[in-house]
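Heads up: the structure comes next, in structure tokens.
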Amino acid sequence: MPQMINGREFPAAGDELVFLNENGYDSQLEEARRHFVKDQVLKVKNIDIGDWSSSIEFEEKPGQRFNSVMFEPLGADVAPEVQEPARRAYELSDQEHSMVLAALRLWIDVVNDGGEYINEMLLDIATNGEDHATNGEDHALMDDKAIDALCERINV
């Protein structure tokens, strides 16, 4: 439930906010985009309210703070257009980044272009076939177009 401070309304612990993917300083917004996607719903863990700015810590990202102007309360007037599936954010070294891109391109060349699956383990990884830790949802293999889009997204 929002809290009133000096006549202004601020979120409180437990409130749900939506990431707007806008506002704030460029460096702050760039950092937030590494962790969140537009319209992602997040739960407030803590908020620090200052004279000129306020920062929010979310339960989903403990120990990290984000400028409050990049978020709006989840409500009738602000609701996510489409809730994106859960995403994972990783920081990769240049070497790791290159290896991930190479592996994706190899998958296109060897598997999707008519080759046989390299082994069942890779097929299980690619389709979440044996991993029920992620809500038990299997998924189809990505086609070349989807893999190309993924490569473009991570090759920034």
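Note that the structure is predicted; figures quoted are calculated from it, not measured. Every heavy atom of this structure was used, including side-chain atoms; hydrogens, water molecules and symmetry mates were not.
Using a 4.5 Å cut-off between side-chain heavy atoms of Ile, Leu, Val, Met, Phe, Trp and Tyr, with links allowed through other members, Leu101 and Leu150 fall into the same hydrophobic cluster. Both Ile147 and Ile154 belong to a common hydrophobic cluster when Ile, Leu, Val, Met, Phe, Trp and Tyr are linked at side-chain heavy-atom distances under 4.5 angstrom. Using a 4.5 Å cut-off between side-chain heavy atoms of Ile, Leu, Val, Met, Phe, Trp and Tyr, with links allowed through other members, Met142 and Met99 fall into different hydrophobic clusters. When the side chains of ILVMFWY residues are joined at heavy-atom separations under 4.5 Å, either directly or via intervening members, Phe19 and Tyr25 end up in two distinct hydrophobic clusters.
Below 30°, between 30° and 60°, or above 60°: for Phe58 and Phe36 the angle between ring planes is above 60°, a perpendicular geometry. The aromatic rings of Phe66 and Phe71 lie perpendicular to each other, with more than 60° between the two planes, well past the 30° mark.
Contact between Gly24 and Val69 at its shortest, heavy atoms only, is N-CG2, 3.5 Å. Listed here is the closest heavy atom pair of Pro11 and Ile56: CG-CD1, 4.2 Å.
With values rounded to the nearest 0.5 angstrom, Ser55 atom OG is found 7.5 Å from Ile47 atom CD1. To the nearest 0.5 angstrom, Glu59 atom CD is 10.5 Å from Asn46 atom CG. The line from CD of Glu72 to CD of Glu22 is 8.5 Å long, rounded to the nearest 0.5 Å. In this structure, CD on Glu91 lies 10.5 Å from CD on Glu96, to the nearest 0.5 angstrom.
Using a 4.0 Å cut-off between a side-chain N of Lys or Arg and a carboxylate O of Asp or Glu, Arg105 and Asp148 qualify as a salt bridge.
Every residue was checked against the side-chain hydrogen bond (donor to acceptor under 3.5 Å, both in side chains) condition with Ser27, not counting sequence neighbours, and none meets it. Remark: Arg33 engages no residue in a salt bridge (charged side-chain N to carboxylate O under 4.0 Å, His left out) (not counting sequence neighbours).
Paired with His35 under the rule side chain to side chain contact (heavy atoms under 4.5 Å, CB included), one option of Gln40, Gln64, Glu60 passes, and it is Gln64. Checking each of Leu29, Leu20, Asn21 against Met70 for a side chain to side chain contact (heavy atoms under 4.5 Å, CB included) leaves exactly one that passes, namely Leu29.
The main-chain N or O of Gly63 is found under 3.5 Å from a side-chain atom of Glu57 such that the two form a donor-acceptor pair.
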>> Could you walk me through whether Asn23 and Gln28 satisfy the side-chain contact (heavy atoms from CB on, under 4.5 Å) test, starting with their C-alpha distance in whole Å, then the side-chain angles of each, then the deciding distance to 0.1 Å, before giving a yes or no?
In response: CA-CA 9 Å; Asn23 304 327; Gln28 294 172 333; over 6 Å; no
